[in-house]
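Order of appearance sets the numbers: ligands from 1, and atoms from 1 within every ligand. For the single chain, residues carry numbers from 1 onward in sequence order.
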Amino acid sequence: MLHIWGRSPLNGHVKISGAKNAALVIMAGALLCPQECRIRNVPSLADVRRMAEILMALGISVQQQDDSLTINAQHIGQSHAPYELVSQLRASFFVVGPLLARLGIARVPLPGGCAIGARPVDLHVRGLQAMGADVQIEHGIVQACVTGSSRRLQGARIYLDYPSVGATETLMMAATLAEGETIIENAAQEPEVVDLANFCRAMGARIRGAGTNTIVILGVPSLHTTDYSIIPDRVEAGTFLVAGAITRSEISLSPVIPDHLTAVLAKLREIGAEIVAESPNHLRILPMQTCLGTDIETLPYPGFPTDMQAQFMALLTLSDGDSVITETVFENRLRHVAELNRMGADVRVKGNHAIVRGVPFLSGAPVVATDLRASAALVLAGLAAEGKTTIQGLQHLDRGYENLESKLKQLGARIQRVVADAETVDLPVLPVSLS
Ligand code: UD1
């Protein structure tokens, strides 16, 4: 559990790590290449270690050195991803596209539901079927194969009913090695989709339009080695900006790509924050004088990110007004409300809306993290609250924030982790060399 003694002013600089969501999909994307690929700026996170375990279970060599991973998928020994690993990490479903593209066959268990909603994979499956794959779901396992003499997927025109990040990424990876041209319409435009496209292009893939709602991929027979560095994590950067705002502190952050934070920066400024760009990849938030209420609706990029909704709710609980937060991306992503209310917040949920009435202060309390970003929201609330907050459920936090406590400590936060037996995360440290 994490103990936080609130109300310590923060000050200083934070180094932002590589983007978790880009790293996870790019690790899967390395399966597309029959040569060794180097991926840099990979954050040290439980989710990244789980993805590495899945790749190793497929017989692929994964080596770690500092923040770099070297992945060699010359020989893929297995087309079947093990249930025990896939069930722990939804992102592991990303291996379907590359396995199908490389081997013409993939067997991956359904990733199942998770705390924030059902999260089906129907859009991934329908897109792969449009590309000629025979996909059956039996006993909870997605079994996909490509028939025909070439064993290659066929380019197709695919319209996504919803701009799903995961489906766009699965189909883009599958299409890199397909025969002919694939057009993904109503594609997700998230920066992580663009990072994956850039990684694939660095391996020789022919992709254009990533970052718009239409992505065109011209399949090539094979890809080649590359050395690629992951973009900075926009959600981690946004979380630290909210840490500055909620504690009325001055914090600077780098490296960041401010264009990836447009919606977050606009909302912070609307609430009353002053943020200056010190250089193209360096932002500074100044101590906030007043915090106004505002309305927020989560949307696909470039709209306001669902991954920042909980953190903004923590901030708005302390605003001088009322706010309405509407979650449209996931159906069950307001579970932090009960925990924030336990700390003295005044938030009511009606369907997918949270009505937040600002209160003058929060009080430290024992709370439980329900998912990754909810756990970050509770840390932020704890930093601003009077007295001590104790957060349980740190396995969520460890999935997505690299060294959060030590980064906050460096800024002056009073925060301490106490490892209780139930929370010990039992994950192997990646050896320096592993095949
Ligand atoms: C990714 C991110 C996650 C982020 C989310 C939205 C990763 C590892 N995770 O998740 O942090 O919150 O994007 O920005 O990159 N859906 C379907 N059918 C499908 C696929 C999705 O109905 O086949 C629905 C989902 O249930 C959800 C919505 O579409 O309600 C958005 O999901 P999606 O964009 O696919 O998010 P993920 O890729 O799962």
Proximity to ligand 1 by part of Val25, non-hydrogen separation under 4.0 Å: neither
Proximal ligand 1 atoms for Tyr162, defined as those under 4.0 Å from one of its heavy atoms: 28 (C), 29 (O), 31 (C)
Residue of the set Leu378, Thr390, Leu397 for which side-chain contact (heavy atoms from CB on, under 4.5 Å) holds with Leu2: Leu397
Short N-O contact, Asp307 and Arg333, less than 4.0 angstrom: yes
Subset of ligand 1 atoms that lie under 4.0 Å from at least one heavy atom of Gly166: 35 (O), 38 (O)
Short N or O distance, Leu123 and ligand 1, threshold 3.5 Å exclusive: yes
side-chain contact (heavy atoms from CB on, under 4.5 Å) partner of Ser164, the single match among Leu171, Leu123, Asn186: Leu123
Min N/O separation Glu169 to ligand 1 under 3.5 Å: no
Within-shell test, Arg333 vs ligand 1, heavy atom, strictly < 4.0 Å: yes
Selected option - heavy-atom contact closest to atom 6 (C) of ligand 1, from Thr306, Asn332, Thr168: Thr306
Check: Glu327/Thr298 side-chain N/O donor and acceptor closer than 3.5 Å: yes
Pair Lys20 + Glu192: basic N to acidic O under 4.0 Å: no
Ligand 1 contact by Arg126, heavy-atom criterion under 4.0 angstrom: no
Option passing side-chain hydrogen bond (donor to acceptor under 3.5 Å, both in side chains) with His336 (candidates Gln309, Arg373, Gln311): Gln309
Interfacing atoms of ligand 1 (cut-off 4.0 Å, heavy-atom, Val329): 27 (C), 28 (C), 30 (O), 31 (C)
Glu181: salt bridge (Lys or Arg N to Asp or Glu O under 4.0 Å) partners, not counting sequence neighbours: none
Heavy-atom nearest neighbour of atom 19 (C) of ligand 1 within options Ser92, Pro120, Gly303: Pro120
Min N/O separation Lys20 to ligand 1 under 3.5 Å: no
Any N or O of Phe94 closer than 3.5 Å to N or O of ligand 1: no
Arg208 atom CZ, neighbour heavy-atom count above 12 within 6.0 Å: no
Sidechain N-carboxylate O distance under 4.0 Å for Glu53, Arg50: no
Heavy-atom nearest neighbour of atom 12 (O) of ligand 1 within options Leu89, Asp307, Leu196: Asp307
Heavy-atom gap Ala188 to ligand 1 smaller than 4.0 Å: no
Tyr162, OH atom: more than 12 neighbouring heavy atoms under 6.0 Å: yes
Per-atom contacts, ligand 1 versus His124 - under 4.0 Å to a heavy atom: 23 (O)
Option with minimal heavy-atom separation from atom 13 (O) of ligand 1, where the choices are Thr298, Asp371, Val165: Val165
